[in-house]
Novice: 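Before I ask anything, here is the structure I am working with.
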Amino acid sequence: MLLTSLVLWRAVWAVLSQTWYVPDETWQSVEVAHRVVWGRGVLTWEWDKDIRSSIHPTVFIIVFKLLSLLHLDYQWLVVLVPKLMTGTMTAMADYAAYNMVKRREGSSCAAWFLLLLQTNWFSLYSGSRTVINTLETSLFCLGLSVYPRPLYLSMVSLSVMLRPTIAVAWLPICLEHLLSTLRSKGLIKIIQLSVAPLITILLVFLLDSLFYGRWTLTPLNFFQMNIVHNLGQFYGTHPPYWYFTHALLPILGPLLIPVMLDLPRSPRLVMLPCISTIIFLSLLPHKEMRFLQPILPLLLYSAARFLSTWVRRPPSSTWVVCMVLINIPLALYLSLVHQRGVVDASLWLGKSGIKSSMFLMPCHSTPLYSHVHSNTSLSFLSCEPNWSHTPGYRDEADLFYSSPLPWLEQKYPLAKPDTLPGSFLLFDRLEPQIQTFLTGRGFRLVKTFFHSHFAEGRAG
């Protein structure tokens, strides 16, 4: 009954999820699947450099293929079904995590944990998103729920093959368990425990190699690109304290206090992954709030321990109302209002009948074929990293925004009207800068979409 309720609750938020989150939500998952099934889609440089595992998009490839074979590949289903699938996986992980807490701490603490997790605004906002961090979080919770049974090691190996940075959270747990096993049961037992994880790694390696058409170990490529060559800084750098001021505080709100008070006393299964993850991520120049998503259930586990001890009973209706009032309005605003314009524009474009379109927007700031889902030819401003290490390098998006009008005049000269797309999509703050070009080429405004109350950078 509880699992069914969790699935339905996550399904509600999958339906409510109508806004733009991060580029990886579509570009590294459903966009790849859309290309494989329907032949229309864009692969980013990560897929040229073989740093992404094929397992995540393969999940959506299967369901897209099924929709195609059944002639049910309507635009709304192509967009919604992956979210429902992701939300269902999240609900299963929530259920497993709840049972783990109940088994370790008792029913009162488990009730607190369930309340905190199912009302946390960030969990609701991100729990049905098709970004790899959501699947990473689900696998992490499922692995923890079966620890220390040998099955958890297969979950570890699968998680690391999909998202190598999760190894930081698993490393202290695995080391402690394996060293304890080595002392008590000897090397033979370690070898026996290693068989299933190694088979898992081998299977993912073979599937990725089949997908790329060459022998490919994606975690190694990921490590070389993101850690050794530090390509993450190409997408922005932040100070070491950023996660405390710009991630943990907004995500947890007032719950940060009980987390800080209880975490040092929490079980090592909770404390060690949280500390190792936060320290490691803080040392990397590039930071994003979603990178903390896998340890959010553990942080809320710690908060639940504190509150259950402090209140000495399960959460009352007053606490439920408080958690709802603190979190749900923000989750609704972010899911339904904030940054929805680019999603609405892509959906409209797929229904418009327009044969070609150019996105004059910051790179990867909209969903593409996975939402348009039509035969429309789509172009966008690229933002490839500086592979040749050219001094003063600027990608195509930077070159465009430095001189929008000259860039357009050069790309679409009056003498070659056949090079023009059927439409341009752009944020309103760019329009005054290129109005002369648009009117001179016969373009007119046909549709506007609300995007955000808070204009940021190049976005309107």
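Computed from a predicted model, the values in this text were never measured in an experiment. We count residues from 1, following the sequence as given.
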Novice: Are the side chains of Ser29 and Phe60 in contact, using a 4.5 Å heavy-atom criterion?
Specialist: yes
Novice: So, Arg10 and Ser123: side-chain donor and acceptor under 3.5 Å apart, yes or no?
Specialist: yes
Novice: Return yes if some donor-acceptor pair links the side-chain N/O of Asn327 with the main-chain N/O of Met323 below 3.5 Å, else return no.
Specialist: yes
Novice: State, to 0.1 Å, how close Trp27 and Val32 come at their nearest heavy-atom pair, and which atoms those are.
Specialist: O-CG2, 3.7 Å
Novice: Taking the side chain as every heavy atom from C-beta outward, state whether Ser357 and Pro421 have any atom pair closer than 4.5 Å.
Specialist: no
Novice: Centroid-to-centroid, Phe359 to Phe380, below 6.0 Å?
Specialist: no
Novice: State, to 0.1 Å, how close Ser382 and Cys363 come at their nearest heavy-atom pair, and which atoms those are.
Specialist: C-SG, 3.9 Å
Novice: Any cation-pi pair here, Lys49 with Trp387, using under 6.0 Å and within 45°?
Specialist: yes
Novice: Do Phe113 and Tyr98 make the cut of ring centroids closer than 6.0 angstrom?
Specialist: no
Novice: Side-chain contact test, heavy atoms from C-beta onward, threshold under 4.5 Å: evaluate it for His451 versus Gln339 and give yes or no.
Specialist: yes
Novice: Can you tell me if Thr277 uses its side chain to pair, donor with acceptor, with the backbone of Pro273 under 3.5 Å?
Specialist: yes
Novice: One pair to check against side-chain contact (heavy atoms from CB on, under 4.5 Å): Arg163 and Leu139. What are the steps and the verdict?
Specialist: CA-CA 10 Å; Arg163 181 74 176 173; Leu139 292 175; over 6 Å; no
Novice: Where is the tightest heavy-atom contact between Asn221 and Asp50, given as atom of each residue plus distance?
Specialist: ND2-O, 2.9 Å
Novice: Verify side-chain contact (heavy atoms from CB on, under 4.5 Å) between Thr86 and Leu135, making sure each step is shown before the conclusion.
Specialist: CA-CA 7 Å; Thr86 306; Leu135 177 59; over 6 Å; no
Novice: With distance as the sole test, does Asn386 use its side chain to make a donor-acceptor pair with the main-chain N or O of Thr390 at under 3.5 Å?
Specialist: yes
Novice: For Tyr241, look at atom OH and say whether over 12 heavy atoms of other residues, nucleotides or ligands are found less than 6.0 Å away.
Specialist: no
Novice: Taking the six-membered ring for Trp and the full ring for Phe, Tyr or His, determine whether the centres of Phe443 and Phe437 are under 6.0 Å apart.
Specialist: no
Novice: Answer whether the closest heavy-atom distance between the side chains of Phe122 and Leu296 falls below 4.5 Å.
Specialist: yes
Novice: With a 6.0 Å cut-off on ring centres, are His373 and His34 close enough?
Specialist: yes
Novice: What do you reckon, is OH of Tyr333 surrounded by more than 12 foreign heavy atoms closer than 6.0 Å?
Specialist: yes
Novice: Between Phe424 and Tyr412, does the ring centroid distance fall short of 6.0 Å?
Specialist: yes
Novice: For Trp170 together with Phe140, are the ring centres under 6.0 Å from each other?
Specialist: yes
Novice: Does a side-chain N-to-carboxylate-O contact under 4.0 Å join Asp344 and Lys447?
Specialist: no
Novice: Output, in order, the C-alpha distance, side-chain angles, deciding distance and verdict of side-chain contact (heavy atoms from CB on, under 4.5 Å) for Val204 and Ile55.
Specialist: CA-CA 7 Å; Val204 176; Ile55 303 301; 4.0 Å; yes
Novice: Strictly by modelled atom types, are Ser374 and Thr376 linked by a side-chain donor-acceptor pair under 3.5 Å?
Specialist: yes
Novice: Parallel under 30°, tilted from 30 to 60°, perpendicular over 60°: which one fits the rings of His238 and His286?
Specialist: tilted
Novice: For the residue pair Glu136 and Gln293, confirm or rule out a side-chain donor-acceptor distance under 3.5 Å.
Specialist: no
Novice: Testing the basics here: between Ser53 and Trp47, what is the closest heavy-atom pair and its distance to 0.1 Å?
Specialist: O-CH2, 3.6 Å
Novice: Between Met92 and Leu3, which heavy-atom pair has the shortest distance, and what is it?
Specialist: CA-CD1, 4.1 Å
Novice: Arg290 versus Tyr21: any side-chain heavy-atom pair under 4.5 Å?
Specialist: yes
Novice: Considering only heavy atoms from C-beta outward, does the side chain of Ile62 approach that of Phe64 to under 4.5 Å?
Specialist: no
Novice: Which atoms form the tightest heavy-atom contact between Ile328 and Thr119, and what is the distance?
Specialist: CD1-O, 4.4 Å
Novice: Give a yes or no on whether a salt bridge exists between Asp208 and Arg52, defined as a side-chain N under 4.0 angstrom from a carboxylate O.
Specialist: no
Novice: Does the separation of the ring centres of Phe205 and Trp215 fall below 6.0 angstrom?
Specialist: yes
Novice: Step by step, work out the side-chain contact (heavy atoms from CB on, under 4.5 Å) result for Met89 and Leu142.
Specialist: CA-CA 10 Å; Met89 186 69 174; Leu142 291 170; 3.8 Å; yes
Novice: Under the side chain to side chain donor-acceptor pair (under 3.5 Å) criterion, do Gln28 and Thr44 qualify, and how do the steps go?
Specialist: CA-CA 8 Å; Gln28 306 297 339; Thr44 60; 3.0 Å; yes
Novice: Find out whether Leu114 and Leu2 are in side-chain contact, i.e. whether some heavy atom of one side chain is under 4.5 Å from a heavy atom of the other.
Specialist: yes
Novice: Determine the interplanar angle of the His453 and Phe450 rings, folded into 0 to 90°, and report it as parallel if under 30°, tilted if 30 to 60°, perpendicular if over 60°.
Specialist: tilted
Novice: Return yes when atom CE of Met260 has more than 12 non-hydrogen atoms of other residues, nucleotides or ligands closer than 6.0 Å, and no otherwise.
Specialist: no
Novice: How long is the span from the CG atom in Leu368 to the CD atom in Glu31, to the nearest 0.5 Å?
Specialist: 5.0 Å
Novice: Using atom types as modelled and distance alone, determine if a side-chain donor or acceptor of Ser302 lies under 3.5 Å from a backbone N or O of Leu299.
Specialist: no
Novice: Checking the side chain of Ser346 only, and the main-chain atoms of Pro367 only, is there a donor and an acceptor separated by less than 3.5 Å?
Specialist: yes
Novice: Are the side chain of Ser356 and the backbone of Gly422 linked by a donor-acceptor contact shorter than 3.5 Å?
Specialist: yes
Novice: Donor-acceptor pair, distance only, cut-off 3.5 Å: does the side chain of Gln433 make one with the backbone of Leu405?
Specialist: no
Novice: Any chance the side chains of Thr19 and Arg129 put a donor and an acceptor closer than 3.5 Å?
Specialist: yes
Novice: So, do Leu414 and Arg441 sit near enough that their side-chain heavy atoms are less than 4.5 Å apart?
Specialist: yes
